[in-house]
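Proteins get letters first, then strands, A, B, ... in listed order; numbering begins at 1 in each.
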Number of protein chains: 2
Amino acid sequence: MKSDDTSVMEMFLGKLERVSDLGEEDRAALLALPYTIRRFGAREDIFSYGEKPAYCCLVLDGWVHRYGIIGDGDRQILLFYIPGDVPDLQHLFLPMLDHTLASITASTLAFIPHRALYGLVERRPRVMAALWRDTLIDTSMYRERVMCLGRRSSIGRTAHFFCEMYLRQELAGLAGDLRCSIPITQGEIADVLGITPVHLNRSLRALRSRQVIDLNGGYLTILDRAALIKTAEFDPTYLHMGADLKSDLISTRKVLVS
Amino acid sequence: MKSDDTSVMEMFLGKLERVSDLGEEDRAALLALPYTIRRFGAREDIFSYGEKPAYCCLVLDGWVHRYGIIGDGDRQILLFYIPGDVPDLQHLFLPMLDHTLASITASTLAFIPHRALYGLVERRPRVMAALWRDTLIDTSMYRERVMCLGRRSSIGRTAHFFCEMYLRQELAGLAGDLRCSIPITQGEIADVLGITPVHLNRSLRALRSRQVIDLNGGYLTILDRAALIKTAEFDPTYLHMGADLKSDLISTRKVLVS
DNA sequence: CGGTCAATTGATCAGTGTCAAGGCAGGTGG
DNA sequence: CCACCTGCCTTGACACTGATCAATTGACCG
């Protein structure tokens, strides 16, 4: 299924332009990128360990995640991706996967051929900078994950996760008013936080009983912004969000970008 | 202190060429990069949280590391860098640091102005690819760190750390014969593994008493390769090392690159 | 020859994992 | 339309890994 509809690529463009400057021609070139749409059910592998994909995928709908397996089958989820993200841009220059990319919920993805992207980054320095930068923000989220797993308690990690997922969705225009979708199971959240589902459940109970959040029916409601941020020791710098951000979660006027 | 000596940049070139193809002109352009040498004592900050450096630094001698601080002052070391590494290439396109880069041991670094690198990546696609790729391998190491902290036991992390540091040094021509330098304290190793120094010490004791490694006077000796790899559940894929690698640690003929 | 910092060890404690059981909700088939 | 099934959530009891506190030893240095 091929399409010339520019609205798909506008999602990508939107994400890039929140943190990078592009010229008119850059925009046009990005909007003209060829792509193919594919749909996935919940929990289906998209690209697996060892593969060398020839496409990058843009998440149009649903949540996607990357995970690795250690030894006897323990899964560690590395990162979740939401609509607007291009989770595998990195494989343009690091072809072989050392982990697996998979859907979490039922998802719709646009696959963009590597060839088209190579042409773009070689001819358009600002597009190169924007894409490179996007892969670096990805890296930055991993670093924060390392901080979480290394130094935050179970409840701190849980709070941090909600801060991150709310803010990322808010930036993408998918959330607001301290309420957002968390369309995954507690087992999956536990797998990204490096704790057991049982223990995550207890952390959730603690946050709920203190009236910090409510998590119900796949939706998160942040009841006490300040308490959540404090519990998470959340510093949004690592998301490199753009200076003009207006957020219901973060009120500081700090310049976050670049 | 400025220099036209090409031997400094050859270190950088060597690292890039182990995993990327470059043409003759690319090589010449890299060797012609301007730089300034600076020396640091042990444990001095190089670029700090919030800074926007105008240089990338190439480690010529000594170990360097990146760390973040959470809330009340808990330090988490994110990654160690060894001679030949360019730890902050990423700040070309993500200028503001969300963590701190610092020396561990006394170190010598070459500072390359961002301006010179921008010119290079815009004009030389293969250099762009090589540098981008280098930042992506950095990312890959963070991913593995997440796996470690999320899923490996204390002793597994310890073994994994030794595998990684030995192999990286071997690749850089700084180690061989299952012996390498580990010029840092147990406290620093503990800080990267997300455990306490006391507990790291016990893990070390376990590895030592099982005759797996010896760590002494700043040197690591791997006594039982197979046991170390097994304890670490070490899979070197994430280092994307290059297919022609010959290692004293890893004997598989697996094609690891790309 | 103290002084300082790192390594080592022991004792105890807290946080998280493991095991097990029950509850709840949504989906399916009779 | 109801009964059952399945997957997820929730809770309790207990075990274990790793943290904390504290003291000792050892190595290097001025």
- request: Have a look at A:T196 and say if it touches a base, only the backbone sugar-phosphate, or nothing, with a 4.0 Å heavy-atom cut-off.
  value: base
message: Rounded to whole Å, please give me the gap between CZ in B:R152 and P in C:dG17.
response: 17 Å
message: I'd like to know whether B:T100 forms a side-chain hydrogen bond (donor to acceptor under 3.5 Å, both in side chains) with B:S48, so could you lay out the CA-CA distance, the side-chain angles of the two residues, the decisive distance to 0.1 Å, and finally the verdict.
response: CA-CA 4 Å; B:T100 297; B:S48 308; 4.8 Å; no
- request: Rounded to the nearest angstrom, tell me the gap between atom CG in B:L200 and atom P in D:dT20.
  value: 15 Å
- request: Find which nucleotide of DNA chain C each of A:I195 and B:R202 is nearest to by heavy atoms, and output the residue with the more 5' nucleotide.
  value: B:R202
task: Could you tell me the separation between the CD1 atom of A:I155 and the P atom of C:dT16, rounded to a whole number of Å?
output: 9 Å
message: Under 4.0 Å, counting only non-hydrogen atoms across every strand here, what does B:G156 touch: a base, just sugar-phosphate, or nothing?
response: nothing
query: Between D:dT10 and A:R208, is there an OP1 or OP2 to side-chain N/O distance shorter than 4.0 Å?
result: yes
Value in whole Å for how far the C1' atom of C:dT4 lies from CZ of B:R43: 14 Å
query: For the side chain of A:V198, counting heavy atoms from C-beta on, which of D:dG12, C:dT16, C:dA7 is nearest?
result: D:dG12
query: Contact class for A:G194 vs. all strands (heavy atom < 4.0 Å): base, sugar-phosphate, or nothing?
result: sugar-phosphate
message: Could you check whether B:R143 makes a cation-pi contact with B:Y238, meaning its NZ or CZ is under 6.0 Å from the centre of the six-membered ring and within 45° of the ring axis?
response: no
- request: Supply the atom-to-atom distance B:L178 CG to B:S247 OG, rounded to the nearest 0.5 angstrom.
  value: 8.0 Å
- request: Could you tell me the separation between the CZ atom of A:R157 and the P atom of C:dG15, rounded to a whole number of Å?
  value: 13 Å
message: Expressed as a whole number of angstroms, how long is the span from B:L149:CG to D:dT17:C1'?
response: 15 Å
statement: Looking only at heavy atoms, the pair that brings A:Y81 and A:H65 closest together is CD1-CA, 4.4 Å
Interatomic distance, A:H199 NE2 vs D:dA15 C1' [rounded to whole Å]: 15 Å
message: Looking at A:N201, I'd like to know whether one of its side-chain N or O atoms comes within less than 4.0 Å of OP1 or OP2 on D:dT10.
response: yes
- request: Could you tell me the separation between the CG atom of B:N216 and the C1' atom of C:dA6, rounded to a whole number of Å?
  value: 13 Å
query: Is A:R38 positioned over the aromatic face of A:F111, cation under 6.0 angstrom from the ring centre and no more than 45 degrees off axis?
result: yes
field: Short side-chain N/O contact to C:dT9 OP1/OP2 from B:R205, under 4.0 Å
entry: yes
